[in-house]
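In what follows, a structure is listed as structure tokens, so that the remarks can point back to it.
Residue numbers count from 1 along this sequence. These values consider heavy atoms only, across backbone and side chains, with no hydrogens, waters or symmetry-generated copies. No experiment lies behind these values; they were computed from the predicted model shown. Just so you know, ligand 1 is whichever comes first in the structure, and atom 1 is the first atom listed for that ligand.
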Amino acid sequence: MSSRYRDLRRPVRGSVHQLVVVLGDQLDAGSEALARADRAQDAVLMMEVADEATHVPSHRQRTVLFLSAMRHFAANLSDEGWRVRYVPLDDPENTQTFTGEVERAVGALRPKRLLIVRPGEHRVLASVDDWQKKTRLAIEVLEDRHFLTELDAFEEWRSERERPVLGQFYRAQRRRLNVLLTDKRAPVGGAWNFDSSNRKRFSKAPELPAPRRFDPDEVTHQVARLVERRFPSAPGRSESFGWPVTRAQSLEALSDFISDRLACFGPYQDAMWTDEPFLYHSLLSPALNLKLLDPREVVNAMIEAFEEDRAPIQSVEGFVRQVIGWREFIRGIYWSEGDGYADRNGLDQHGRLPDFYWNGETDMECMRQSLNQVLEHGYGHHIQRLMITGNFALISGVHPRAVSDWYLGMYVDAVDWVTLPNALGMVMHADGGVVGTKPYAASGQYVKRMSNYCAGCRYDPSKRSGPDACPMTVFYWDFIDRTKQTFRGNPRMRLPLTHLERMSRDERKAVRRSADSLRGDFDIGDAG
Ligand code: SF4
């Protein structure tokens, strides 16, 4: 593999009609851009640029994953007869920006036009406009057929209703794509979702199957060394790298999940346990978001497992919902809301992101576990992202942009189209309720119920003020108090608001004092 990578440094020879630009999260051999190109007269441009690893601080494993997967993909294209202009990060002539590299490639290869699949980020799409101005070439931005929903179709669906509701979108997707429906077009299993059977917790340490991990090959080792040299202060650690970097490995990871973990995925999808970073989760989001896996094949494999009695409906439906519902909905919202979405701050929160998000050093056991796992693997499962690291940031009053930037840089599967609506909308409720009808705020009691973290913690999850009060509980009640006017008319917030009203004035003052003191200790500053 390493020899094939070195071959890619050789310049592309001969005239080039069209230049196909393939970005790091577009590793789809069946993409519309490659389908429209002709390997006899066109060429492919792939670029490793420092800009992409530094515009937000990027976890070492995230950068290694993108670069290694790109190099493997380029080698495969080359093997299949494509001429590939591959610009490595350490090429002395690399300008380290997409625009600079496109200009250099156009200067060298003189193509008549450029083809690119729609990038997954407003910032990069804007830079494509820049390429057009600088190169004066026609650039065709093509629909990303990896996804199941065309953006125009999402926009039309959205325009027909007062507000976009994920549950409604998901049902429409099930019907449109004919997924898990009976002959009479009713949902298989008698319900559209089985979340009520999916809230199991572990009563003792679970015996878990080890997920398939992949030893880094020479290409990944080379990239890891390069990333260490080039970005010495990047967050996270790279030693435990085991992510799939090729399509073949991604398919292996898919079949490993189905055979070993899918059956228990549904029931235990919200559970957490000390020192268990992966539990029954799929670990497929990096391969899906780099487009090494196609969502259709993933969904079909899940359904096949259900039909062959290898997994129960609550696991299969729960996973399928993430792929055809949540993932497509989030992407639709990202493009539909436009590039101003990143600046929303609907709850007017302005706190600083505490240092422990970068070094994991905190005495809150739930945060220490979840953050160290991110530093170690560039990974957290959805409930840790939403209800631990996200919940803390939401209820303590951190600025939503600081949180969405951290989420974009720190998870190996992070691409802006998915991370921004997830972090800013779902986690931080900063979009005024576009993604979620209520904030996902929870106290330490929730953490105690769904994990064993509290058993090893110096704080008491039942206490909401005083020196050993749990910061999650303190900040939760402070958040409910701080935002009570905003959520007064929201029926989904009635329960905590009623509870708040029953608290005495002195109790509320004590909560506020504890919250202010904790915000000082954690250097968050003022929430609002
Ligand atoms: Fe987290 Fe509070 Fe539980 Fe400690 S007591 S682990 S801070 S929820």
Side-chain angles (χ1 to χ4, degrees), residues 199-206 268-279 351-376 379-398 403 406-407 410 427-429 439-482 495-496 499-500 503 507-508 510-524 527:
R199 296 200 182 104
K200 279 196 172 175
R201 49 209 150 133
F202 301 110
S203 52
K204 59 182 175 47
Y268 291 103
Q269 65 175 295
D270 287 0
M272 296 169 277
W273 197 264
T274 299
D275 294 333
E276 292 295 352
F278 306 131
L279 297 166
R352 203 182 142 271
L353 193 71
D355 287 346
F356 50 71
Y357 275 77
W358 302 105
N359 58 30
E361 291 167 15
T362 167
D363 55 8
M364 288 177 279
E365 187 60 12
C366 53
M367 290 290 280
R368 197 179 71 79
Q369 285 282 329
S370 303
L371 291 167
N372 276 294
Q373 178 184 315
V374 178
L375 293 167
E376 184 66 21
Y379 175 80
H381 57 75
H382 75 106
I383 212 71
Q384 290 172 311
R385 295 189 205 202
L386 187 63
M387 302 311 291
I388 305 289
T389 51
N391 178 45
F392 180 89
L394 168 73
I395 60 183
S396 67
V398 176
V403 179
W406 185 84
Y407 272 68
M410 293 301 283
V427 166
M428 296 303 290
H429 202 77
Y440 285 91
S443 75
Q445 297 288 20
Y446 171 87
V447 180
K448 185 181 170 198
R449 196 163 60 246
M450 296 311 298
S451 75
N452 68 334
Y453 293 153
C454 302
C457 184
R458 85 161 189 82
Y459 297 108
D460 181 345
S462 67
K463 291 199 178 157
R464 50 193 176 207
S465 62
D468 59 344
C470 159
M472 291 289 195
T473 302
V474 172
F475 282 136
Y476 174 74
W477 287 110
D478 179 62
F479 175 79
I480 298 297
D481 201 5
R482 283 192 293 117
L495 204 65
H499 194 112
L500 181 80
M503 283 163 65
E507 264 184 296
R508 278 151 77 160
V511 167
R512 176 58 59 93
R513 265 198 309 276
S514 286
D516 286 344
S517 152
L518 284 168
R519 266 191 286 271
D521 293 347
F522 298 148
D523 202 17
I524 293 171

Just which atoms of ligand 1 are under 4.0 Å from any heavy atom in [X]?
X	answer
Y459	5 (S)
V447	8 (S)
G444	8 (S)
P461	5 (S)

Ligand 1-proximal atoms of C457, by part, heavy-atom distance under 4.0 Å: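 Just the side chain.
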In the structure I gave you, are the side-chain heavy atoms of [X] and [Y] within less than 4.5 Å of one another anywhere?
X	Y	value
M387	V447	no
K463	T473	no
P461	M472	no

Note: D468-R458 ion pair, threshold 4.0 Å (strictly below)
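Salt bridge flag = no for R458 with D468.
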> Is a side-chain donor or acceptor of Q373 paired with a backbone partner of Y379 at a separation under 3.5 angstrom?
Replying inline: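 Looks like yes, one N/O pair under 3.5 Å.
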What protein heavy atom sits nearest atom 3 (Fe) of ligand 1, and how far off is it?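 Protein heavy atom with the smallest distance to atom 3 (Fe) of ligand 1: C454 SG, 2.3 Å.
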**Prompt:** What is the closest protein heavy atom to atom 2 (Fe) of ligand 1, and at what distance does it sit?
**Reply:**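 Nearest protein contact, heavy atoms only, for atom 2 (Fe) of ligand 1 is C470 SG, 2.3 Å.
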task: Tell me whether C366 has at least one N, O or S atom under 2.8 Å from atom 3 (Fe) of ligand 1.
output: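 It does not; every qualifying atom lies at 2.8 Å or beyond.
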- request: Check R513, R519, R464 against D478 for a side-chain hydrogen bond (donor to acceptor under 3.5 Å, both in side chains) and give me the one that passes.
  value: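 Considering R513, R519, R464, a side-chain hydrogen bond (donor to acceptor under 3.5 Å, both in side chains) with D478 is found only for R519.
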